[in-house]
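On a predicted model such as this, the values are computed, not experimentally measured, just so you know. Reckoned from all heavy atoms, side chains included, excluding hydrogens, waters and symmetry mates. Below, read A as the first sequence line, B as the second, and so on, with proteins coming before strands; counting in each chain starts at 1.
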Amino acid sequence: MELASKYNPSDVEGKWYQYWLDNKLFSSKPDGREPYTVVIPPPNVTGVLHMGHVLNETIQDILVRHARMEGKNACWVPGTDHASIATEAKVVNRLAEQGIKKSDLTREEFLKHAWAWTEEHGGIILKQLRRLGCSCDWDRTAFTMDATRSESVIKVFVDLYRKGLIYRGVRMVNWDPKALTALSDEEVVYKEEHTKLYYMKYYLADTVPADAVAAEGNVVHKDERGYYAVVATTRPETIMGDVAMCINPDDPKNQWLKGHKVIVPVVGRVIPVIEDDYVDIEFGTGCLKVTPAHDVNDYMLGEKYNLEAIDIFNDDATLSQRIAQAQQKALAEAEVPQQLVIALDRYVGMERFDCRRRIAEDMTAAGLMEKIEDYDNKIGCSERTGVPIEPKLSMQWFLKMQHMADIALPPVMNDDIQFYPTKYKNTYRHWLENIKDWCISRQLWWGHRIPAWYLPTGGFVVAENEAEALTLARQKSGNADLQPADLRQDEDALDTWFSSWLWPISLFDGIRNPGNEEISYYYPTADLVTGPDIIFFWVARMIMAGYEYQQLPPFRHVYFTGIVRDKLGRKMSKSLGNSPDPLDLIDRFGADGVRMGMMLSAPAGNDILFDESLCEQGRNFNNKIWNAFRLVKGWEVADTAQPEAAQLATAWFAAKLRLADEELADDFAKYRLSEALMTIYRLFWDEFSGWYLEMVKPAYIDGKPQHIDRATYDATLAFFEVLLKMLHPFMPFITEELWQALYDRQPGQSIMRDELHMPHATDDDRKLCADIEGIKEIVTAVRAIRSQKNIAPKQQLTLEVVADADTPQLPRGGVEALMKMANLDAVNTVAEKSAGSASFLIGTAEYDVPLGDLIDLDAERKKLQAELERVEGFLASVTKKLQNERFVQNAPAAVVEMERKKQADAEQKIAALRDSIAAL
RNA sequence: GUCGGCAUAGCUCAGCUGGUUAGAGUAUCACCUUGACAUGGUGGGGGUCCUUGGUUCGAGUCCAAGUGUCGACACCA
């Protein structure tokens with residue numbers, strides 16, 4: 001078999017993926033084995049693969065393939081999310097490009113377009129996951145809006161409503177004026193902005209007695225128009241909704257305002273001054289304008305003091321006609337100076353930020369603005385559309401969360417569900433302890449429509465379908481003649497997360513069909529791999545749903561990945577253009593190379609600084625494996641006796657593999673996947689290729705490679721197979737390719753199903769590995785001498801072992817191995833080191849290499865002198881420790897003993913070094 | 001503002017319940033066009049473990065304060 005000297009991933013990756021699919025190697029059915037279940041965090045149905053996915057999906061695939069090779073029944077369920085608001089926004093945009101406005105379409109027409117878009121773009125990302133090698137059970141592919149999932153969502157809504165956990169009511173919600181929908185608190189992100197703080201004049205509407213004004217501590221404003229209070233705000237346009245001014249009753253500056261009335265500038269409405277200790281005396285002037293319709297805290301004040309809420313905006317955050325009406329009403333009720341009033345008609349229909357600019361200008365011109373200052377503020381914006389949200393009073397559906405928090409907090413706190421890294425337990429607890437009700441209705445069409453029907457006479461019923469709704473409606477209204485057409489279904493859809501919180505259950509049909517074989521077998525799932533940014537959106541809510549509907553956690557472990565950043569630490573983003581296209585990377589480095597590049601620096605929970613050079617490292621590793629394979633498969637086998645060196649090498653490497661397996665098991669148990677990969681990387685590159693293969697490799701005689709003995713050959717292939725299996729979860733493609741080529745395989749066989757079970761390592765294994773480490777140290781020392789003296793690797797040298805009671809006995813075959821690895825012609829035991837030789841110490845054992853003319857006495861002396869100084873320094877620190885009585889008294893005997901040994905060894909080394917220097 | 005994480009080689013990070021004058025990968029330097037692999041081999045250099053105190057016989061590791069940095073949450077109109 002002729003093999004190219006370079007591994008070419010594109011030749012093999014597509015081939016083996018198809019092979020895995022053809023042979024149904026990813027598919028899982030309940031059986032007697034232990035299940036290992038992972039549900040994918042469903043990507044947006046119309047999304048495309050980005051680096052964050054690559055990280056996330058690679059980790060899942062590693063865990064799944066690892067479990068599969070342990071003999072578990074691994075089941076990784078893929079699927080996509082309908083992403084209500086994001087997808088609807090995309091569809092609206094696309095329609096806009098075609099000149100179609102959403103408002104011109106009926107719900108049915110719009111949904112037709114949305115489904116068309118979904119079918120056109122849906123599933124692209126799932127295809128891309130195949131390029132990455134993901135071993136999902138594709139027959140199970142689900143969608144949050146497919147029939148099973150949709151029915152599950154509706155069933156849960158009805159159930160929660162009937163339990164009294166879902167209610168409908170008017171509340172202050174986060175309104176997205178671009179998407180024209182309410183949002184949950186979690187969908188609001190705060191952005192730092194440079195804004196202005198406007199100080200506006202609110203003139204007194206009545207007379208203040210002179211003594212009240214004169215009282216000490218008051219800060220009084222007065223101009224030719226009279227007395228006025230100053231109110232600071234970032235949103236001057238909202239004065240149109242002002243219904244009160246509020247001061248802190250203990251604020252000395254504003255005592256004179258108590259019990260009076262002020263005039264809202266521009267608007268002309270006369271409003272009372274109320275008192276509440278909510279107001280911060282230190283902020284601004286201590287005077288707060290109260291606009292209950294447009295601020296959460298003002299809403300609270302409005303409730304408390306029974307104030308009217310004047311909604312000044314339309315749904316798209318343009319100024320409503322209502323402001324003009326309210327002004328007319330106000331002006332009719334009280335007489336106010338003309339100069340304080342501007343007719344509000346001019347602002348009607350204006351966009352909110354235009355209005356802010358205009359009203360600030362108008363007020364300044366009218367002398368109603370005291371001053372304007374720069375101000376840094378954090379503005380709540382819609383996570384999806386990016387526009388500032390508008391607090392708005394609105395009728396919505398809510399889920400009561402206290403009960404959910406009560407069932408979801410304990411299991412995480414007591415580690416029934418384990419978080420990696422554990423720091424997220426704090427974040428989780430904090431959120432659950434301060435939880436608010438979840439606004440679950442969205443003014444969108446793309447999503448699960450709320451199963452509530454309104455009766456013609458008022459009131460509503462909640463039911464799983466129209467027929468059931470009709471029955472309930474007839475009962476409720478007492479009108480047995482009620483017809484379907486008399487009922488009107490709620491127009492709103494549910495929050496996307498109201499379907500994804502059921503994902504681990506609904507994927508196994510556990511909502512519609514409780515206790516079925518699949519849900520009983522696969523649930524709880526094993527590991528969830530996701531980003532900490534959706535800990536509240538998704539993780540916490542899945543835990544709630546899990547306990548509410550299965551009385552069990554949805555998963556046992558949560559692995560939080562970090563954010564993928566570029567090598568400068570910047571978040572990858574489209575606008576920065578610093579995000580590589582994963583498919584392009586796969587084309588260039590192979591999927592295995594990209595997976596390795598991703599995993600090399602991805603400790604759980606830390607952000608990862610992604611650098612293409614890591615993929616290059618992955619590709620190089622592939623090439624290394626490939627070439628090791630070429631070497632081994634190129635050997636010609638003969639039935640000759642196994643050399644002692646090879647006997648030793650095979651025994652050693654077998655032990656090494658057992659030890660490595662234990663290390664890997666530990667890494668996997670702790671989810672330290674990048675460390676596991678690094679362990680295998682070094683095992684393959686350094687130990688196997690660098691040491692083992694070099695030890696057993698047949699020599700060349702007269703330019704011809706010798707044959708290898710069968711025992712060594714067989715052992716080597718077996719080692720290779722174990723290494724491939726260890727590596728398979730990380731690099732599925734090359735390991736399959738080589739596993740298939742290593743031995744004759746039956747059709748349909750795969751490394752994926754070739755379980756890896758290693759015997760435990762023993763103390764003998766550890767001893768043998770330590771012995772080999774000793775040999776490696778000697779080899780390295782001889783190589784260093786070559787390097788320093790510029791002696792060609794081909795030139796043979798002689799090693800002398802200075803015999804001594806402490807000189808370690810090399811294991812059988814050790815000398816032979818040593819000679820081969822260090823290219824020695826002999827290893828002689830001597831009583832005294834030769835003159836003109838370079839010497840070195842391994843532990844306390846002394847070795848030297850006679851160099852004849854090549855010896856540079858000066859350099860040698862310098863080297864030995866430096867070493868002597870180092871050891872003397874070391875000895876000094878050890879001796880100091882041992883002279884400290886308190887150390888000898890207090891430290892454990894074993895520690896003291898070890899220090900004594902170090903002292904003795906150091907002394908011995910020093911003596912040997914002095915001898916060597918003298919001998920020069 | 002409240003809470004939390006992190007700070008170790010140029011870079012990215014290990015370093016477990018304190019106990020060899022601190023390790024890996026990568027980068028860098030020197031040498032090597034050897035017969036699996038130059039996407040390679042061999043060897044080398046590189047660290048006041050953020051600062052200051054404390055506990056201890058002993059601190060990279062534990063405690064406190066500070067500095068820097070990142071994040072979560074809460075926000076002042």
- Item | Interatomic distance where NZ belongs to A:Lys776 and P belongs to B:U42 [whole Å] | 11 Å

- B:G19, B:A74, B:G4: which one has an atom nearest the side-chain heavy atoms of A:Lys436? B:A74

- Query: Are A:Phe629 and the base of B:A36 stacked, counting only ring centres nearer than 5.5 Å and planes tilted under 30°?
  - Reply: no

- Task: Rounded to whole angstrom, note down the C1' distance from B:U61 over to B:C49.
- Result: 10 Å

- Message: What's the closest nucleotide to the side chain of A:Lys423 if the choices are B:G4, B:C37, B:C57?
- Response: B:G4

- Taking atom C1' in both B:C32 and B:C13, what distance in whole Å separates the two? 31 Å

- Query: Between B:U21 and B:G25, how far is it from one C1' atom to the other, in whole Å?
  - Reply: 24 Å

- Write down the distance separating the P atoms in B:U69 and B:A74, rounded off to the nearest Å. 24 Å

- Carboxylate-amine/guanidinium proximity below 4.0 Å for A:Glu899 and A:Lys880: no

- Is the backbone of A:Asp905 close enough, under 3.5 Å, to the side chain of A:Thr844 for a donor and an acceptor to pair up by distance? no

- Task: Map every base of RNA chain B to its dot-bracket character, where paired means a Watson-Crick or G-U wobble contact with both distances under 3.5 Å and | marks a partner outside the strand.
- Result: (((((((..((((.....[...)))).(((((.......))))).....(((((..]....))))))))))))....

- Is the CD atom of A:Glu885 crowded by more than 12 outside heavy atoms at less than 6.0 Å? no

- Item | Quiz item: A:Gln617 side-chain donor-acceptor pair to B:A27 base, under 3.5 Å | no

- Task: Report yes if some heavy atom in the side chain of A:Thr679 is under 4.5 Å from a heavy atom in the side chain of A:Asp667; otherwise report no.
- Result: yes

- Message: Mind checking if A:Glu186 touches a base, just sugar-phosphate, or nothing, with heavy atoms under 4.0 Å?
- Response: nothing

- Looking only at B:C57, B:U34, B:U21, the nucleotide nearest the A:Ala891 side chain is B:C57

- In whole angstroms, how far is the P atom of B:U42 from the NZ atom of A:Lys794? 17 Å

- Task: With P as the reference atom in both, quote the distance from B:A77 to B:G60 in angstrom, rounded to an integer.
- Result: 47 Å

- Query: Rounding to a whole Å, what distance do you find between A:Asp686:CG and B:A36:P?
  - Reply: 18 Å

